[in-house]
Colleague: 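Below you'll find the structure I mean.
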Protein chains: 2
Amino acid sequence: MMDEIDRKIVGLLQTDATLSVAQLADRVGLSPTPCWKRVQKLEASGVITRRVALVDPEKIGVGLIVYVAIEAGDHTPDWLESFTRAISAMPEVMEAHRMAGEVDYMLRVAVTGMAEFDALYKRLIQAVPMRNVTSRFAMEQLKYTTAYPLHRANFRDRAGRDLEGEVQGQG
Amino acid sequence: MMDEIDRKIVGLLQTDATLSVAQLADRVGLSPTPCWKRVQKLEASGVITRRVALVDPEKIGVGLIVYVAIEAGDHTPDWLESFTRAISAMPEVMEAHRMAGEVDYMLRVAVTGMAEFDALYKRLIQAVPMRNVTSRFAMEQLKYTTAYPLHRANFRDRAGRDLEGEVQGQG
DNA sequence: GTTGAAACGCCCTGATG
DNA sequence: CATCAGGGCGTTTCAAC
């Protein structure tokens, strides 16, 4: 189980992965060696999955973000299979979720402009039948981060106790 | 302007920022020195904005993703100002866009569970008046990437020419 | 663009307390 | 957990082609 120091390490690396182990150790109040071991453990256990470079979408000409809400044509394993394969092959589809409620799937798409989105849309409805597709276009990005919130309730202190009281339904 | 080699470098670093300059140079068909210079330039020019560690949300107990569609209470600068300040202070709000069309704003939220989302929702409607809020809950993540698509049309060859014919509306 | 080389820092691994 | 020590690798810069 992760403790408060692990939480700090993850928090720091989520915002800046160029930090050296020495800097990291300094900021979490540890010496380099155990700090390095913790980082290794966080990677081995799959908490930290990868290190990537983030890019300014405007600078590479991918300025249009579109949220696409989809109602499936039918609810069969085949449909899901075809749909999954289709979006996997589309680099413009950066995120895809299966949803609860009326909307079945939600996509986050990044394209150069309307013309390209239209082409993508056509490829999509051609790959698999859809009952309904609603596209919403972003005008301005107010906030964007890849850093997940690190709640104290999800970590332990050195005695192995929760840092906060039990959270409802999270036992 | 970026050329084909820059495009490859960005593409590689978007998926794996742990690559050494030597490895990178090897894969793009360059020697280390000019490859290193290109990376520096990409960072200085703001194409590459940062390097971060990505984390498995399940492993840190943030398993619930919610898309929130918002219609603003009114359309004044003050409202936008208050709204922006509110979501900036909420780490659970990982993404926020101002949208075209009926929905004014779109949030992507990561929380530990329904209880926490409910608390966030209350904080949100308390911070600023809303005409309508529609929350959609993700059941399963089909795809997720931080890597933007790199279209050949947005890059040049060594002669400075577009790699593809002019794209409609992108001329 | 290329190669080769040097200086420096950091990563990573041990040993010790 | 801390501290110390060391080898090896990668980064960064330089010179010359």
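Note on naming: letters A, B, ... go to the chains in the order of the sequence lines (proteins, then strands), and numbering restarts at 1 for each one. As the structure is a prediction and not an experimental result, all values here were calculated from the model.
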Colleague: Provide, to the nearest angstrom, the distance between the CG atom belonging to B/L13 and the C1' atom belonging to D/dT11.
Modeller: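 Going from B/L13 (CG) to D/dT11 (C1'), I get 14 Å.
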
Colleague: Verify whether one side chain among A/T18 and A/D16 offers a donor that lies under 3.5 Å from an acceptor in the other.
Modeller: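 There is such a pair between these side chains.
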
Colleague: Please tell me if B/S31 has a side-chain N or O lying less than 4.0 Å from either OP1 or OP2 of C/dT2.
Modeller: yes

Colleague: What dot-bracket string describes DNA chain D from 5' to 3', counting Watson-Crick and G-U wobble pairs whose defining distances are under 3.5 Å, with [ ] for crossing pairs and | for pairs to another strand?
Modeller: ||||||.|||.||||||

Colleague: Roughly how many Å is it from CG in A/D26 to C1' in D/dC1, rounded to a whole number?
Modeller: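 A/D26 atom CG is separated from D/dC1 atom C1' by 16 Å.
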
Colleague: Quick one: which protein N/O atoms are closer than 3.5 Å to N/O atoms of nucleotides 15-17 of chain C? Pair and distance per line, please.
Modeller:
none

Colleague: For A/L24 and C/dC11, give me the distance from atom CG to atom P, rounded to whole Å.
Modeller: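 Result: 9 Å.
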
Colleague: Just checking A/S20: base, sugar-phosphate only, or nothing, at a heavy-atom cut-off of under 4.0 Å?
Modeller: sugar-phosphate

Colleague: Closest approach to the side chain of B/P34, judged atom by atom: which nucleotide of C/dT2, C/dC11, D/dT3 is it?
Modeller: C/dT2

Colleague: A/L150 and A/F155: side-chain contact (heavy atoms from CB on, under 4.5 Å), yes or no, with the steps?
Modeller: CA-CA 9 Å; A/L150 302 171; A/F155 299 86; 4.2 Å; yes

Colleague: Can you measure A/Q23 atom CD to C/dC11 atom C1' for me and round it to whole angstrom units?
Modeller: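 That distance rounds to 13 Å.
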
Colleague: Rounded to whole angstroms, how far apart are CD1 on B/I5 and P on C/dG1?
Modeller: 6 Å

Colleague: Report the distance from atom NZ of B/K37 to atom P of C/dG1, rounded to the nearest whole Å.
Modeller: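 Computing the B/K37:NZ to C/dG1:P distance gives 9 Å.
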
Colleague: Can you tell me how far C1' of C/dC10 sits from CD of A/Q40, to the nearest Å?
Modeller: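 Result: 13 Å.
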
Colleague: Does A/W36 put a side-chain nitrogen or oxygen below 4.0 Å from OP1 or OP2 of C/dC11?
Modeller: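 No, because none of the side-chain N or O atoms of A/W36 sits under 4.0 Å from OP1 or OP2 of C/dC11.
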
Colleague: Check B/K122 with B/D118, please: is the shortest side-chain N to carboxylate O separation under 4.0 Å?
Modeller: yes

Colleague: In terms of side-chain geometry, is the basic nitrogen of B/E92 or B/R108 positioned less than 4.0 Å from the acidic oxygen of its partner?
Modeller: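 No, no charged N to carboxylate O under 4.0 Å.
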
Colleague: Flag yes if more than 12 heavy atoms outside A/R131 fall under 6.0 Å of its CZ atom; otherwise flag no.
Modeller: no

Colleague: So, do B/F137 and B/F117 have ring centers that fall under 6.0 Å from each other?
Modeller: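 Yes.
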
Colleague: Is there a donor-acceptor contact under 3.5 Å from the side chain of A/Q141 to the main chain of B/A96?
Modeller: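 A pair under 3.5 Å: no.
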
Colleague: Centroid-to-centroid, A/H97 to B/Y144, below 6.0 Å?
Modeller: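 Judged by ring-centre distance (under 6.0 Å), A/H97 and B/Y144 do not meet the cut-off.
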
Colleague: Students often mix this up, so state it plainly: with edges at 30° and 60°, are the rings of B/F83 and B/Y105 parallel, tilted or perpendicular?
Modeller: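 Geometry flag for B/Y105 against B/F83: tilted rings.
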
Colleague: Check the distance between D/dT13's P and B/R38's CZ and give it to me in whole angstrom.
Modeller: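 Spelled out: CZ on B/R38 to P on D/dT13 is 18 Å.
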
